[in-house]
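Written out below as structure tokens is the structure these notes cover.
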Amino acid sequence: MATKNYADAMLDVLTLCMEEDPTFVVMGNEVLGIGPEAVQFGAFQEKYADRIYFPPCSEASYSALAAGAAMCGQRMFLHLGLAPFSYPAFSTIASEVATARQGSGGRVSVPATFHISHGLLHGGASQHSESPMGMYWNVAGIEIVVPWEPGDLKGLLRRAIRSDNPTLVITHAFGYGTEGEVPDEDYEIPFGEAKVKREGSDVTIVACSMMVAVSMAAAEQLAEEGIEAEVIDLRTLVPLDERAILDSVAKTGHLVIADEGRLRCGVASEIAATVAEHGFESLKAPPARVARVDAPVPGNAVQEAFLAPSAEKLVAAAREVVGGVPARA
Amino acid sequence: MATKNYADAMLDVLTLCMEEDPTFVVMGNEVLGIGPEAVQFGAFQEKYADRIYFPPCSEASYSALAAGAAMCGQRMFLHLGLAPFSYPAFSTIASEVATARQGSGGRVSVPATFHISHGLLHGGASQHSESPMGMYWNVAGIEIVVPWEPGDLKGLLRRAIRSDNPTLVITHAFGYGTEGEVPDEDYEIPFGEAKVKREGSDVTIVACSMMVAVSMAAAEQLAEEGIEAEVIDLRTLVPLDERAILDSVAKTGHLVIADEGRLRCGVASEIAATVAEHGFESLKAPPARVARVDAPVPGNAVQEAFLAPSAEKLVAAAREVVGGVPARA
Amino acid sequence: MTWDKAQRTAALESMLTIRRFEETVVGLFLEHEFMTHFHLYIGQEATGVALMEALRPDDRIATHHRNHGHVLARGADPKLALAEILGRENGINRGAGGTMHMSDTDRGFIATSAIVGGSISLATGAGFAMKTQGGDAVAVGLFGDGALEEGVSYESLNLAALWELPVLYVCENNSEGALGSAGGGFPTSVSAVGDLTDIPRTFGIPVETVDGRDPEAVFDVASKGVAYTRARKGPFFVHVATARYAGTQPLWPTLPTGETDISMAWDDSGVSGEHEQWYREHDPVLGYARKLLASGDVTQDELKEMDARVRERISEARQFALDSPRPTPESALDHVFA
Amino acid sequence: MTWDKAQRTAALESMLTIRRFEETVVGLFLEHEFMTHFHLYIGQEATGVALMEALRPDDRIATHHRNHGHVLARGADPKLALAEILGRENGINRGAGGTMHMSDTDRGFIATSAIVGGSISLATGAGFAMKTQGGDAVAVGLFGDGALEEGVSYESLNLAALWELPVLYVCENNSEGALGSAGGGFPTSVSAVGDLTDIPRTFGIPVETVDGRDPEAVFDVASKGVAYTRARKGPFFVHVATARYAGTQPLWPTLPTGETDISMAWDDSGVSGEHEQWYREHDPVLGYARKLLASGDVTQDELKEMDARVRERISEARQFALDSPRPTPESALDHVFA
Ligand SMILES: Cc1ncc(C[n+]2csc(CCOP(=O)(O)OP(=O)(O)O)c2C)c(N)n1
Ligand SMILES: Cc1ncc(C[n+]2csc(CCOP(=O)(O)OP(=O)(O)O)c2C)c(N)n1
Ligand SMILES: [Mg+2]
Ligand SMILES: [Mg+2]
């Protein structure tokens with residue numbers, strides 16, 4: 001067990017794949033990010049130079065290339081860059097990747113792994129701040145992985161590449177530097193198993209990706225006020241661990257969802273709807289969605305912060321839901 | 001007041017626009033559909049031939065063309081065809097069209113009108129059956145119109161083309177033939193005003209587009225069982241008439257949402273979440289989402305029907321929510 | 001290299017099989033046996049048949065909405081293909097694909113995409129896999145001229161050229177005499193590029209144009225391209241020129257030329273009217289039949305027997321499809337994920 | 001047609017202004033006055049300045065992430081531009097655009113897109129509007145060589161050629177000596193098209209290549225293109241070749257060549273070291289200064305005065321930006337919808 005960051009965790013997995021499968025390929029415009037972490041990537045890049053591809057800036061086609069290759073059994077880790085750069089590939093992902101298996105009666109499989117970085121960048125402005133979990137979740141037919149801890153990233157990424165289904169791995173752009181305990185050995189984490197990051201009896205905070213860290217910070221503040229929050233890290237959206245969410249809400253009776261994506265039809269909406277539908281009896285108060293405010297992101301940190309979900313907003317929301325138990329009609 | 005279908009209603013508006021604005025343009029791969037209604041479009045096409053453009057099959061660029069032209073004040077009705085054909089234009093819509101105004105501090109406007117046809121086609125299979133309302137609703141910065149009645153389409157389309165904001169008009173592929181009362185005069189219907197299609201005291205059924213007709217059929221069946229359903233036609237998603245929904249649920253205490261889009265992060269999820277959050281006290285039972293089952297669509301009517309929301313499913317859902325008032329923890 | 005007598009007659013029979021199949025599809029649609037829009041391969045039979053002859057069983061293929069002829073030419077059973085179009089449980093893809101997505105993986109079809117630009121881009125990926133995984137199998141991408149209007153196609157050609165991928169791009173240009181928007185259809189080939197072959201050439205991809213009515217010509221060009229890309233010299237582009245069939249309009253094609261009368265191959269009397277030019281010059285089935293009659297490869301009687309055989313086979317397929325069970329509703333979720 | 005003395009010195013001063021502006025931007029970043037990634041126009045100043053000289057006030061422009069120089073060359077106030085980059089309330093776009101989206105609508109900028117392929121496609125739309133709305137204004141699309149890797153760019157050229165839209169496409173190819181992936185950066189110009197000018201040519205769009213270090217050469221070619229498209233003969237493509245600045249790498253550019261020392265234009269002594277070639281051959285500011293010294297259009301003293309004037313102006317702008325108010329948090333929702 002060593003303390004590693006995202007980039008390390010990714011390298012662990014990609015190295016394992018390169019070693020065990022001589023045809024494994026890594027492709028991307030700037031594979032492990034283009035910031036400092038690109039340096040960590042250096043040695044790996046040299047060692048496997050012949051199996052690392054830097055495609056032209058043409059996301060629609062190189063994602064289709066990954067899909068077509070996967071249909072022939074090719075395993076590949078494809079990095080599409082920041083989330084918005086996956087939009088030119090949206091048709092490929094939604095109309096080809098997601099539908100191939102079902103549309104062929106199960107005869108064609110697409111064991112491809114796509115990776116994008118999402119999130120607010122403190123001034124990334126209107127075109128570099130996307131968190132499209134909701135949009136992709138509305139596309140049926142792709143597994144969606146949204147890890148936060150580097151250790152989870154390692155196990156989930158390993159599973160994603162082994163999976164015979166197309167998998168979209170969404171990490172936070174600020175995640176690369178995030179450190180955490182990462183087991184050295186080779187391991188997989190099954191999809192559909194959320195993780196209780198913190199136990200609590202008063203309110204359940206459901207989150208994914210970096211919102212897990214923000215939720216943990218909020219939980220600490222709430223604890224000081226005597227409110228014990230249970231924090232759930234979804235880890236994967238498809239499949240979704242509904243059980244974990246419903247069990248927790250059954251225990252706490254209160255639900256707050258933290259989502260860096262936009263409010264409407266986002267992850268927070270889906271979790272709130274799912275609990276309202278299947279955990280209605282457990283709810284002692286309305287669920288609260290703390291998501292990105294519905295607007296494109298202005299290019300300055302001040303206005304960005306206004307739109308962003310935060311520990312403060314989570315604390316306020318948790319206080320409110322725990323505080324008032326509204327009368328039932 | 002005359003009985004007209006979608007195509008007629010569209011022609012009414014497009015003709016008005018052509019007449020009042022000599023620079024108005026209509027563009028699209030198959031403007032008013034390519035089925036029988038194309039015939040209705042014939043005379044219009046001849047009369048305004050010089051202002052009707054049939055672009056190459058390149059959605060990303062001709063939608064960007066519409067956006068760039070709109071930034072220069074050009075008014076245009078752009079038809080992208082079936083919903084999935086808008087996916088190659090997803091980057092244009094999400095990264096350019098939706099963000100231009102906010103990203104320029106309000107100095108750039110994009111008064112463009114995009115039109116797509118959505119829905120299950122009785123065998124359209126995995127790539128021609130999209131209902132992407134949820135995905136586009138998660139993109140902030142575009143107004144979204146989802147009319148059902150031809151008369152509403154006329155007034156809302158008129159408003160959409162006049163609007164200084166980018167507007168996405170989503171009609172049902174089977175809508176063209178749908179008939180309804182359409183006033184002859186020129187009129188606008190403001191966005192954000194839902195319509196109560198049927199009053200009822202027992203359960204609120206929220207729907208948009210063709211699900212409005214399906215909900216009305218369900219309401220008739222329910223009436224026979226003594227359950228009075230109130231059917232709400234949202235008409236626009238952005239802006240959303242939350243008031244109308246909350247008021248109705250306050251009256252009925254029960255909510256069922258009909259959505260032809262996929263379940264996860266779809267319209268039904270957003271409505272359920274919104275009511276759970278802001279109308280919690282009104283709910284006497286869990287809200288029920290009757291949406292398209294989360295899966296790509298197989299190319300046969302039998303399996304398609306299994307995935308599709310239907311009057312039967314709505315009736316069953318309504319019966320259940322009205323039937324049992326679960327104990328509150 | 002040209003075909004011997006056996007190959008020629010086999011090719012003609014294969015072309016005729018596709019023709020009768022498509023005529024049957026139109027009938028089934030008119031009888032409301034399926035409801036969705038579809039596309040006919042009529043007029044392009046020579047291309048599918050000749051191309052598949054030039055391929056090896058282990059080569060991979062991605063095709064598009066106009067796929068019936070490709071799947072049949074590659075040897076798929078008409079029974080299963082018709083059952084698929086009718087959405088039946090025992091169809092090639094368990095009825096989940098329907099007319100637009102027949103993907104016969106046993107015959108190397110990796111995908112059949114109805115999204116314009118889909119097959120050309122997916123085939124590029126198949127080529128990448130063929131190269132990465134060793135061996136000398138190649139990938140084939142079948143698409144129409146309209147696909148060259150989508151940006152993803154340019155991107156794909158760039159990728160294939162950059163990485164010297166073993167991909168044979170086959171563009172079936174059926175826009176000569178296209179109805180285009182005038183007929184309420186899709187205006188295809190709306191391109192400022194006068195000669196579409198300039199597109200692959202821009203990326204340094206060798207390209208050849210061939211007459212889509214002549215299966216032997218298509219076979220020779222396709223074989224040349226396959227040999228080139230199989231030798232790992234990079235991608236090759238075949239531009240097939242075919243006249244657009246008069247019945248080809250979205251959404252619902254028709255049979256304005258009627259059910260093909262094979263006797264027109266030797267009996268001129270009925271060859272007249274609005275579609276005379278089609279019967280005389282464009283119809284690849286009649287054209288090739290005339291050629292084989294002239295060369296003595298087949299006799300009138302043999303042609304009649306062939307037609308009877310084919311009709312028999314297709315009507316059996318039709319009955320098989322109609323008798324086939326529909327999938328159960330619940331099975332709709334069986335194949336979403338592996 | 002060439003410039004007179006006044007135009008030349010004005011062009012040089014404009015180029016120097018952009019240079020000092022960019023040097024200041026790097027400083028502000030290092031001082032953490034803004035946090036996001038950004039792009040410098042260093043090495044490309046001649047293009048922006050000359051191009052804008054060739055345009056009319058009513059012409060429309062769409063540009064991309066490397067836009068600082070374009071906006072300044074078109075006459076934007078450095079004060080407001082720097083305030084924008086720092087995300088301040090009184091910036092060109094109220095601080096909502098930042099470094100990557102400065103859109104000065106008063107100067108005809110309709111959009112500044114940081115999505116590769118965005119500006120070329122939006123400019124095509126502006127051209128459509130210019131044509132439809134009458135008059136003889138033209139649209140200009142500024143983009144890099146990397147944009148020619150995106151399919152939407154091919155599609156856009158096709159549209160402009162098909163409909164003879166009045167669009168001047170200006171591709172600033174800065175990939176000569178690009179660091180590419182080796183430097184941890186974006187490998188741009190990953191294209192199988194050896195000569196990028198073959199791309200517009202394929203669509204029948206006239207194209208000319210020009211040396212991006214020479215403002216007068218750029219002006220002449222741009223003027224020719226503008227005249228052509230203003231006369232409604234269709235789109236025109238200008239391919240500007242510039243060496244990539246050594247400090248240009250994503251995400252955070254640097255100043256490896258240091259703050260520009262204008263005296264290098266006449267005093268050779270300091271011109272040496274790793275970047276000697278840059279100082280001698282590539283730097284368009286030093287190069288043009290030398291040319292004007294040689295032609296006698298300016299004297300050393302005038303150059304020193306000019307530099308002092310520019311430094312003064314930019315440092316005032318810097319102070320103005322730093323003193324500018326930040327937008328209020330709530331105002332984040334003011335401009336989502338009209
Ligand atoms: C991305 C996309 N846009 C539009 C369509 C609608 N469409 C279906 S077939 C077709 C024409 C295709 O022409 P071509 O590629 O030449 O094939 P053909 O039908 O002529 O054989 C179009 C535009 C589509 N399927 N996909
Ligand atoms: C669609 C998309 N994909 C990827 C990126 C990431 N990206 C930002 S700049 C850039 C390189 C652009 O090169 P070029 O167009 O030549 O402009 P330059 O920076 O060289 O001036 C890339 C790939 C992006 N902004 N948009
Ligand atoms: Mg065609
Ligand atoms: Mg460049």
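Lettering of chains follows the sequences in order, A, B, ..., and the numbering in each one begins at 1. Quantities reported herein were computed from a predicted structural model and do not represent experimental measurements.
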Subject >> Sequence-distant partners of C/F237, ring-ring contact (aromatic ring centres under 6.0 Å, His included), two or more places apart >> reply: C/F143
**OP:** Would you name the heavy atoms of C/E150 and B/P88 that are closest together and state the gap between them?
**Re:** OE1-CB, 4.5 Å
Original post:
What option among C/G91, C/S331, C/G98, C/A147 has the most heavy-atom pairs under 4.5 Å with chain B?
Top reply: C/S331
Original post:
Residues in side-chain hydrogen bond (donor to acceptor under 3.5 Å, both in side chains) with C/T105, at least two apart?
Top reply: A/R107
Original post:
Side chain, backbone, both or neither: which part of C/S113 has a non-hydrogen atom closer than 4.5 Å to chain B?
Top reply: both
**OP:** To the nearest 0.5 Å, tell me how far C/H37 NE2 sits from B/L121 CG.
**Re:** 8.0 Å
Subject >> Inter-residue atom distance C/H65.NE2 - B/Q127.CD, 0.5 Å rounding >> reply: 11.5 Å
Subject >> Separation between CG of C/L148 and OG of B/S58, rounded to the nearest 0.5 Å >> reply: 12.0 Å
Original post:
Between C/V336, C/V152, C/I85, C/I115, which has the largest tally of heavy atom pairs under 4.5 Å with chain B?
Top reply: C/I115
Subject >> Those residues of residues 319-327 of chain C, ordered by number, that approach chain B below 4.5 Å (heavy atom to heavy atom) >> reply: C/R326, C/P327
Original post:
Between C/L333 and B/D294, does a side-chain contact (heavy atoms from CB on, under 4.5 Å) hold up when you go through it step by step?
Top reply: CA-CA 9 Å; C/L333 299 181; B/D294 254 320; over 6 Å; no
Original post:
How many angstroms lie between CD in B/Q303 and NE2 in C/H335, if you round to the nearest 0.5 Å?
Top reply: 8.0 Å
**OP:** Could I get the full list of side-chain hydrogen bond (donor to acceptor under 3.5 Å, both in side chains) partners for B/S209, not counting sequence neighbours?
**Re:** B/H118
